[in-house]
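Quick notes on the structure that follows.
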Amino acid sequence: STGAHIIAQFSKKLLNEDISIFSGSEMLPVVKGAFISVCRQIYSTCEGLQVLITYNLHESIAKVWKKTSLLSERIPTPVEGSDSVSSVSQESQNIMAWEDNLLDDLLHFAATPKGLLLLQRTGAIDECMTFMFNRYAKKLQVSRHKKFGCGVLVTQVASTAAGGVALKKSGFINELITELWSNLEYGRDDVRVTHPRTTPVDPIDQSCQKSFLALVNLLSYPTIYELIRNQDLPNKTEYSLREVPTCVIDIIDRLIILNSEAKIHSLFNYEQSHIFGLRLLSVICCDLDTLLLLEAQYQVSEMLLNAQEENILETSESNRDFIIDGLSVERNHVLVRINLVGGPLERVLPPRILEKSDNPYPWPMFSSYPLPNCYLSDITRNAVIKQDNDLGKLLLCLKISDKQTEWIVNCRRQFCKMMKAKPDIISGEVQQGKYRQDTWICLQWITQCFWNYLDWIEICHYIATCVFLGPDYQVYICIAIFKHLQQDILQHTQTQDLQVFLKEEALHGFRVSDYFEYMEMLEQNYRTVLLRDMRNIRLQST
């Protein structure tokens, strides 16, 4: 890293104009740009940013950008026919090009979580998002070096509330939703003819897949909270067929909560568009905070149940059958997903596809609570767990000794020994079957303590591991999960639906105890850096 330090030191001096040989030179911006470009390739990665973070390049670049921005505002408008037109115009172009370069340099900090935090501190995040959107609207590569696409940066920025607000101000969200509506409602007929859906319940038309993934990447809880909090749905009495949504509230109103004939009749492709909305609802509600927000403001469960009730065919006075179609199947899946909490072995999610048989959809539908018992796992959760001798030794460690350090070491040693040999001893007592919820990828898992992703016993192991071995084990467990999912991640990266997979799928087959030796190796290599960063974040948030 010696070379990186030398380049960073020299770049900082250039930005601060501390090198006399370049003083007043017209080449100064060119030299600055060249050296910052090298630094940018370093700080746009997590490892590189860690090397350069002490130089506070984000502050230096932001300072120069603000100064350049003020200069561009002061350039007089040239008078046509004046001799000064060409010189002023050239000066203006040079300043504006330099300003764009600096914004591009700042934007690259958003490529990593820590870099995004630094970018927010500069106060330039709004201008960076506007710069990114302008390039996106012109179909230009966001990065001159083609290392990052717009989608990567949007996903990263949208993970924070400030980033979500900046994306809204830039016009990016408006453009994204307008583009989605064009593909969804006014899409080319020839695409649908040459690429027909394989079954009536295929959720996303091929022409809309890109827009769907873009919305999934955008709508993290911090962003969706900023975009819809305390806002009622329009629920108009009449919608024009040419009335195009421009915001997230409109998407919820027109595609998800179709609770009136006016909304239904306003869609050219009612079934396809509504299935798109339900599929989006399914993904974003995997974040339990988002689910609670949508339930509190719009009562989405009640809307889905009412829609199922309206989809019943009364064959006789005592016999009522649900109409099986793409919408009822999708609604059934979403209802089970948002009303039962549990890991891969604790709840059963009905499929979204029809079987090729006399009974294409054997799963029971419902339009009121409680849910049918078939969606609750048969696994016994309240079995009496016999206390093992090793667990007794661990509990004895909890009696505080006079030597606190010795107590911690003994406790850690006993816990690790037990987790490697007999992990099933540590579990919580939970009543049978009753995980009812009546209230970039990794952050969501931790925020909701792996609910809906791990079984209860593994959640207990996760919590116990972080309590006994330290808060940095949150990170090591997430890395272990990515290691466990390595083949799935590669596959879904190829099919370009990784974000959907990680949000929707439970972590099948993952056991915390299977990765203890791997996590101990991570602790040896990264604990010092991680704990330091955690302390810094805690101090900054107080």
Side-chain angles (χ1 to χ4, degrees), residues 110 113 116 129 132-133 136 148-161 163-164 167-168 172-184 201-228 245 247-257 272-294 300 330 333-334 337-338 349 352 440-445 447-448 452-453 482 485 488-489 491-507:
L116 177 60
M129 291 304 101
M132 182 182 73
F133 169 66
Y136 170 82
F148 300 106
C150 191
V152 176
L153 292 174
V154 168
T155 303
Q156 190 73 36
V157 171
S159 65
T160 67
L167 285 168
K168 179 183 178 182
F172 180 85
I173 295 176
N174 184 308
E175 177 71 15
L176 177 64
I177 290 174
T178 302
E179 185 177 311
L180 158 67
W181 197 260
S182 176
N183 291 330
L184 192 62
V201 288
D202 270 2
I204 307 298
D205 189 283
Q206 185 177 358
S207 63
C208 303
Q209 181 73 5
K210 183 178 179 181
S211 296
F212 176 77
L213 294 175
L215 273 178
V216 169
N217 292 336
L218 171 72
L219 296 178
S220 68
Y221 172 71
T223 290
I224 200 170
Y225 177 78
E226 292 297 328
L227 296 180
I228 73 170
C247 61
V248 174
I249 285 287
D250 289 345
I251 289 295
I252 297 173
D253 185 54
R254 301 288 300 280
L255 297 182
I256 297 177
I257 303 184
Q272 174 185 300
S273 296
H274 191 22
I275 286 180
F276 181 101
L278 292 172
R279 190 71 179 82
L280 180 63
L281 176 67
S282 175
V283 178
I284 64 176
C285 281
C286 291
D287 186 319
L288 297 182
D289 287 326
T290 300
L291 173 58
L292 292 175
L293 177 64
L294 293 177
V300 289
E330 190 68 31
H333 178 93
V334 177
R337 180 180 287 277
I338 67 179
L349 296 176
R352 291 182 165 108
W440 159 328
I441 26 196
C442 204
L443 181 62
Q444 182 172 312
W445 290 339
T447 301
Q448 60 198 53
N452 290 349
Y453 295 102
F482 286 132
L485 296 175
D488 291 310
I489 288 173
Q491 176 187 338
H492 287 279
T493 299
Q494 283 188 328
T495 55
Q496 297 184 343
D497 63 346
L498 179 61
Q499 189 82 329
V500 175
F501 168 76
L502 291 175
K503 283 178 177 290
E504 283 200 325
E505 286 299 314
L507 302 173

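Every value quoted in this text rests on a predicted model; they were computed, and no experiment measured them.
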ask   = Quick one: side-chain hydrogen bond (donor to acceptor under 3.5 Å, both in side chains) partners of Lys503, sequence neighbours excluded?
value = Gln444
task = Ignoring hydrogens and angles, tell me if any N or O in the side chain of Thr493 forms a donor-acceptor pair with the backbone of Ile489 under 3.5 Å.
result = yes
task = Return the set of residues passing side-chain contact (heavy atoms from CB on, under 4.5 Å) with Asp250 (not counting sequence neighbours), or none when no residue passes.
result = Pro234, Pro245, Thr246, Cys247
inquiry  = Counting only heavy atoms from other residues, nucleotides and ligands, does the tally under 6.0 Å from CD of Glu179 exceed 12?
reply    = yes
ask   = Does Ile249 reach the side chain of Leu227, with side-chain heavy atoms less than 4.5 Å apart?
value = no
ask   = Looking at residues at least two apart in the chain, or sitting in another chain, which of them share a side-chain hydrogen bond (donor to acceptor under 3.5 Å, both in side chains) with Thr290?
value = none
inquiry  = My understanding is that only residues two or more places apart in sequence, or in another chain, count here; which of them pass side-chain hydrogen bond (donor to acceptor under 3.5 Å, both in side chains) with Ser159?
reply    = none
key: Note, Leu294 side chain near Cys285 side chain (heavy atom, < 4.5 Å)   = yes
Any residue meeting side-chain contact (heavy atoms from CB on, under 4.5 Å) with Gln156, in chain and number order, not counting sequence neighbours = Pro113, Leu116, Trp440
ask   = Heavy atoms, side chains only, cut-off 4.5 Å: are Val334 and Val300 in contact?
value = no
task = Return the set of residues passing ring pair (Phe, Tyr, Trp, His ring centres under 6.0 Å) with His333 (not counting sequence neighbours), or none when no residue passes.
result = none
ask   = With sequence neighbours left out, what residues match Glu226 under salt bridge (charged side-chain N to carboxylate O under 4.0 Å, His left out)?
value = Arg229
task = Go through the structure and list residues passing side-chain contact (heavy atoms from CB on, under 4.5 Å) with Ala506, not counting sequence neighbours.
result = Pro344, His508
inquiry  = With heavy-atom distances below 4.5 Å as the criterion, would you say the side chains of Thr160 and Pro222 are in contact?
reply    = no
note = When every non-hydrogen atom of Glu330 is compared with those of Leu278, the smallest separation belongs to CG-CB, 3.6 Å
request  = Answer whether the closest heavy-atom distance between the side chains of Arg352 and Arg279 falls below 4.5 Å.
outcome  = yes
request  = Please name all residues satisfying side-chain contact (heavy atoms from CB on, under 4.5 Å) with Ile441, sequence neighbours left out, ordered by chain then number.
outcome  = Gln499, Leu502
task = Sequence neighbours left out, what passes ring pair (Phe, Tyr, Trp, His ring centres under 6.0 Å) with Phe172? Give chain and number order.
result = Tyr136
request  = Specify the closest pair of heavy atoms between Tyr225 and Leu293, including all atoms of both residues, with the distance to one decimal.
outcome  = CA-CD2, 3.9 Å
query = Do the side chain of Ser273 and the main chain of Leu255 share a donor and acceptor less than 3.5 angstrom apart?
reply = no
request  = Working to the nearest 0.5 Å, report the span between CD1 of Ile173 and CG of Leu167.
outcome  = 5.5 Å
task = Would you check if Asp289 and Gln448 make a side-chain contact, meaning some heavy-atom pair closer than 4.5 Å?
result = no
task = Using a 4.5 Å cut-off on heavy atoms from C-beta on, say whether the side chain of Phe501 contacts that of Gln491.
result = no
query = Sequence neighbours excluded, which residues qualify as side-chain hydrogen bond (donor to acceptor under 3.5 Å, both in side chains) partners of Asp497?
reply = His492, Thr495
request  = Output every pair passing salt bridge (charged side-chain N to carboxylate O under 4.0 Å, His left out) with a member in residues 151-161, not counting sequence neighbours, ordered by first then second residue.
outcome  = none
